[in-house]
K.L.:
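Let me give you the structure first, and then I'll get to my questions.
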Amino acid sequence: QVQLVESGGGSVQSGGSLRLSCVVSGRSSDMYMGWFRQAPGKEREAVASIYTPDITRYAESVKGRFTISRDSTKNTLYLQMNSLKPEDTSAYYCAARRRRPGDTIRTMLDSRKIDFWGQGTQVTVSA
């Protein structure tokens with residue numbers, strides 16, 4: 001089993017920055033990792049995903065502002081969020097999927113394909 005524990009959420013003003021962290025425990029080899037977010041009354045959406053440093057994907061709304069990375073030595077996934085906007089306000093969830101034949105980074109777009117979820121961390125951006 002795999003456990004994901006997020007941290008780093010908080011409240012910032014528009015234009016500010018936050019870094020989210022997700023510590024991964026358990027058998028976590030060969031996994032796609034990513035971040036989703038969900039605002040009240042809205043569907044959960046994929047924000048960023050990573051397989052290797054060369055294989056990443058970002059939602060159009062965060063491209064150029066957010067950076068996803070993973071440190072295998074620390075079993076930790078990160079999401080660096082810069083130039084935050086009020087519309088980024090949401091609960092952010094760490095997500096993981098064991099790689100299967102036929103998977104691509106786009107597989108991580110579908111929340112139904114996720115094997116493991118973190119508990120979520122709130123990000124609030126004020127105008």
Side-chain angles (χ1 to χ4, degrees):
Q1 188 68 316
V2 171
Q3 290 185 324
L4 309 176
V5 179
E6 303 104 331
S7 61
S11 298
V12 295
Q13 290 190 329
S14 182
S17 298
L18 284 172
R19 188 176 79 158
L20 305 183
S21 300
C22 172
V23 177
V24 184
S25 61
R27 190 170 66 88
S28 58
S29 61
D30 204 15
M31 300 185 75
Y32 287 92
M33 300 290 301
W35 293 93
F36 284 72
R37 67 186 180 187
Q38 186 170 22
K42 294 189 176 181
E43 291 188 358
R44 191 167 293 193
E45 63 171 347
V47 175
S49 49
I50 185 168
Y51 184 56
T52 68
D54 294 332
I55 301 176
T56 60
R57 190 193 179 281
Y58 296 91
E60 286 296 325
S61 59
V62 307
K63 276 185 181 178
R65 300 188 298 122
F66 291 12
T67 303
I68 190 170
S69 61
R70 64 196 298 179
D71 186 335
S72 297
T73 64
K74 297 181 179 180
N75 289 328
T76 302
L77 177 74
Y78 301 100
L79 185 67
Q80 178 66 44
M81 305 185 295
N82 298 328
S83 302
L84 282 161
K85 304 175 180 180
E87 51 264 42
D88 294 318
T89 295
S90 194
Y92 284 71
Y93 297 89
C94 181
R97 173 180 169 86
R98 295 198 189 283
R99 192 175 70 90
R100 298 164 173 72
D103 278 357
T104 70
I105 193 70
R106 292 184 61 82
T107 304
M108 291 293 288
L109 291 173
D110 188 347
S111 62
R112 298 168 298 178
K113 301 285 181 67
I114 301 302
D115 293 322
F116 306 102
W117 291 99
Q119 81 286 357
T121 186
Q122 180 67 33
V123 171
T124 302
V125 184
S126 57

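The chain is numbered in sequence order, starting from 1. Note that these values count all heavy atoms, side chains included, but never hydrogens, waters or copies made by symmetry.
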K.L.:
Check for a donor-acceptor pair, side chain of S90 on one end and backbone N or O of Y92 on the other, with a separation under 3.5 Å.
P.N.:
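Between the backbone of Y92 and the side chain of S90 there is no qualifying donor-acceptor contact (under 3.5 Å).
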K.L.:
May I ask whether I105 and V24 are part of the same hydrophobic cluster, defined by side-chain heavy atoms of I, L, V, M, F, W, Y residues being less than 4.5 angstrom apart, directly or through others?
P.N.:
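No, I105 does not connect to V24 through the hydrophobic network.
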K.L.:
Are R37 and Y93 side-chain neighbours, meaning at least one heavy-atom pair lies under 4.5 Å?
P.N.:
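Not in contact.
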K.L.:
Do R65 and K85 make a side-chain contact, defined as non-hydrogen atoms from C-beta onward lying under 4.5 Å apart?
P.N.:
yes
K.L.:
Is any NZ, NE, NH1 or NH2 atom of the basic residue among D30 and R100 found under 4.0 Å from an Asp or Glu carboxylate oxygen of the other?
P.N.:
no
K.L.:
Any luck finding a side-chain donor-acceptor pair between T76 and D71 under 3.5 Å?
P.N.:
no
K.L.:
Are side-chain heavy atoms of Q122 and T89 found at a separation under 4.5 Å?
P.N.:
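Side chain of Q122 against side chain of T89, heavy atoms only: contact under 4.5 Å found.
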K.L.:
Linking I/L/V/M/F/W/Y whenever any side-chain heavy atoms sit under 4.5 Å apart, do L4 and V23 land together?
P.N.:
no
K.L.:
What's the verdict on side chain to side chain contact (heavy atoms under 4.5 Å, CB included) for K113 and Y32, showing C-alpha distance, side-chain angles and the deciding distance?
P.N.:
CA-CA 11 Å; K113 301 285 181 67; Y32 287 92; over 6 Å; no
K.L.:
Transitively linked via ILVMFWY side-chain contacts under 4.5 Å: M108 with V62?
P.N.:
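No, separate clusters.
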K.L.:
Does the ring centre of W117 sit less than 6.0 Å away from the ring centre of F36?
P.N.:
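Yes.
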K.L.:
Rounded to the nearest 0.5 Å, what separates atom CG in L84 from atom OG in S17?
P.N.:
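Here the rounded value is 6.0 Å.
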K.L.:
Which residue in the set V5, L18, L20 passes side chain to side chain contact (heavy atoms under 4.5 Å, CB included) when paired with T121?
P.N.:
L20
K.L.:
Could you tell me whether the side chain of F116 reaches within less than 4.5 Å of the side chain of Q1, counting heavy atoms only?
P.N.:
yes
K.L.:
Can you confirm whether E87 is buried at CD, in the sense that more than 12 heavy atoms of other residues, nucleotides or ligands lie under 6.0 Å from that atom?
P.N.:
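For E87, atom CD is crowded (more than 12 foreign heavy atoms under 6.0 Å).
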K.L.:
If every non-hydrogen atom of P86 is compared with every non-hydrogen atom of S14, which pair is closest and at what distance?
P.N.:
CD-OG, 3.8 Å
K.L.:
For Q119, I'd like to know if atom CD has over 12 heavy atoms of other residues, nucleotides or ligands within 6.0 Å.
P.N.:
yes
K.L.:
Determine whether R97 and D103 satisfy the following criterion, salt bridge (Lys or Arg N to Asp or Glu O under 4.0 Å), listing intermediate values before the conclusion.
P.N.:
CA-CA 10 Å; R97 173 180 169 86; D103 278 357; 2.9 Å; yes
K.L.:
Between L77 and S69, which heavy-atom pair has the shortest distance, and what is it?
P.N.:
CD1-O, 3.3 Å
K.L.:
Distance check, rounded to the nearest 0.5 Å: L79 atom CG versus C22 atom SG?
P.N.:
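These two atoms lie 10.5 Å from each other.
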K.L.:
Is it the case that the side chain of T56 and the backbone of I50 share a donor-acceptor pair, with hydrogens and angles ignored and the cut-off at 3.5 Å?
P.N.:
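No, T56 side chain to I50 backbone: no donor-acceptor pair under 3.5 Å.
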K.L.:
Determine, stepwise, if the pair R57 / I68 fulfils side chain to side chain contact (heavy atoms under 4.5 Å, CB included).
P.N.:
CA-CA 9 Å; R57 190 193 179 281; I68 190 170; over 6 Å; no
K.L.:
Hey, could you give me the CD/CD distance between Q38 and E43, rounded to the nearest 0.5 Å?
P.N.:
8.5 Å
K.L.:
With rounding to the nearest 0.5 angstrom, report the CZ to CD1 distance, R44 to I114.
P.N.:
9.5 Å
K.L.:
Can you tell me how far CE of M81 sits from CZ of F66, rounded to the nearest 0.5 angstrom?
P.N.:
5.5 Å
K.L.:
Roughly how far apart are W35 CH2 and E6 CD, rounded to 0.5 Å?
P.N.:
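Reported to 0.5 Å precision, the distance equals 5.5 Å.
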K.L.:
Does any non-hydrogen side-chain atom of Y51 lie less than 4.5 Å from one of M31?
P.N.:
no
K.L.:
Is it the case that the side chains of R70 and Y78 hold a donor-acceptor pair, with the cut-off being a distance below 3.5 Å and no angle test?
P.N.:
no
